There are 2 protein chains.
Amino acid sequence: MSDFDLRTFLPYLLNQAAEETSLGFSRVYKDRYGMLRTEWRVLFHLGRYGDMTASEICRLAKMHKTKISRAVSALEEKRFVAGRESGTDRRREILTLLPQGRRAFDDLVGVAERHDRDLTANLSSGERAVLIDCLQRLAGFDKFPD
Amino acid sequence: MSDFDLRTFLPYLLNQAAEETSLGFSRVYKDRYGMLRTEWRVLFHLGRYGDMTASEICRLAKMHKTKISRAVSALEEKRFVAGRESGTDRRREILTLLPQGRRAFDDLVGVAERHDRDLTANLSSGERAVLIDCLQRLAGFDKFPD
DNA sequence: GCTTGTTGGTTACAAAAGCAACTTTTACCA
DNA sequence: TGGTAAAAGTTGCTTTTGTAACCAACAAGC
């Protein structure tokens, strides 16, 4: 055999933890609003950081632009999001939350906060701090503090 | 807006970290052996934990059985894996690594070990210990120490 | 002005994942 | 012993993702 352990191999471990922890939350936005993860992310970025274009979300969330494009279409279909032209550059479309989208966002942020509290409930505050810090470094958030 | 921060929300953070950290490694098994992540995982389980059936891998890796089924087919195609009948239960097929598969496994374990060392290079050993421990708990590895 | 390159975004096609139905074999139990 | 349920795997179909090509608008250089 070998003594290499999958259960301490970071890419695997992170992936399993990510899958496990997002299960409960993804069920909520899926069941309650028929959204996909990509849609939730776009919704979130608009709700949290204000109006922006697809490519800004692209850069912030490190999602591919085709995913964004499709997520935006779906959110427009649901009347959660609308786009308006940028005055200066007719290629750019500035995206905004519509009232429906804002309501969904507010609702889901509440769910997310509770979910996050539950997840970290059995972690000490010291552990939590180290965990978040390490994860942010691994995710590269320290390099791109956009 | 809202003061909820995506960059500390565990499901998101874990997902970004997982994506970021697995990028380099997945390129290796993809380019070098034309494997998918599912195939690497099956290969790994057989190489590390010895011969087993699809459903055992299923349970250990928490992967859906159709993914395993297809990954096994692909690995058989590559002559990395072969299945033999279990004597006692003709439904079960016990999977084994073939020499080619063993070589690929050995090679990839080396790559994985180096990759993991690189990833944790800027973490103190204390941080690393807390990180691994928290992730294992979040992934549920403490509950199913199979 | 023209031409070349770049950026924002969409679309078409191929690969992969998810889900449900199905086959075969085994286990249980009245 | 027969009948129902459950487990191991596979297959077909749908949804989602990935990739590359593409269009339109802008920018820069000459």
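The model shown is predicted, which means the values in this text are computed figures rather than measured ones. Throughout, protein chains are lettered first and strands after them, A, B, ... in sequence-line order, and every chain is numbered starting at 1.
- For the pair A:Arg59 CZ and C:dG9 P, the interatomic distance rounds to 12 Å; values are reported in whole Å.
- Atom CD1 in A:Ile68 sits about 16 Å away from atom C1' in C:dT11, given to the nearest Å.
- Counting only distance, with no hydrogens or angles, the side chain of A:Ser55 and the backbone of A:Cys58 share no donor-acceptor pair below 3.5 Å.
- Where B:Thr53 and A:Arg37 meet DNA chain D, the nucleotide closest to each residue was compared, and B:Thr53 sits on the side nearer the 5' end.
- Atoms NZ (B:Lys65) and C1' (C:dC19) sit 11 Å apart, rounded to a whole Å.
- Rounded to an integer number of Å, the gap from B:Met63 CE to C:dA16 P is 13 Å.
- With a 4.5 Å cut-off on side-chain heavy atoms, A:Glu19 and B:Leu14 do not count as touching.
- Aromatic pair B:Phe9/A:Phe44: centroids not less than 6.0 angstrom apart.
- Residue B:Thr66 places no side-chain N or O under 4.0 Å from the OP1 or OP2 atom of C:dA17.
- Checked against the 6.0 Å centroid threshold, A:Trp40 and A:Tyr33 do not count as a close aromatic pair.
- In this structure, B:Leu98 is not a member of the same hydrophobic cluster as B:Tyr49, with clusters built from ILVMFWY side-chain heavy atoms closer than 4.5 Å.
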Derivation and outcome, side-chain contact (heavy atoms from CB on, under 4.5 Å), residues A:Val130 and B:Glu127: CA-CA 6 Å; A:Val130 172; B:Glu127 283 175 329; 4.1 Å; yes
Verdict with reasoning, B:Thr96 to B:Leu46, per side-chain contact (heavy atoms from CB on, under 4.5 Å): CA-CA 7 Å; B:Thr96 324; B:Leu46 296 175; over 6 Å; no
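- Of the residues in residues 21-33 of chain A, none has a non-hydrogen atom less than 4.0 angstrom from any atom of DNA chain C.
- A heavy-atom distance below 4.0 Å to DNA chain D is reached by these residues of residues 82-92 of chain A, ordered by number: A:Thr88, A:Asp89, A:Arg90, A:Arg91.
- The hydrophobic cluster containing B:Phe80 also contains B:Tyr29, counting ILVMFWY residues as joined when their side-chain heavy atoms lie under 4.5 angstrom apart, directly or transitively.
- Extent of DNA chain D lying under 4.0 Å from chain A heavy atoms, first and last nucleotide in 5' to 3' order, is D:dT16 to D:dC26.
- Remark: B:Arg102 does not engage B:Asp107 in a salt bridge, criterion side-chain N to carboxylate O under 4.0 Å.
- Between the side chains of B:Arg37 and B:Ser26, no donor-acceptor pair of N or O atoms lies under 3.5 Å.
- Atom P of nucleotide C:dA15 and atom NZ of A:Lys67 are separated by 19 Å, given to the nearest angstrom.
- Summary of the strand contacts: B:Arg70 and A:Glu76 both lie near DNA chain C, and taking for each the nucleotide with the nearest heavy atom, the more 5' one is attributed to A:Glu76.
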Derivation of the salt bridge (charged side-chain N to carboxylate O under 4.0 Å, His left out) call for A:Glu39 and A:Lys67: CA-CA 9 Å; A:Glu39 296 168 46; A:Lys67 274 207 234 179; over 6 Å; no
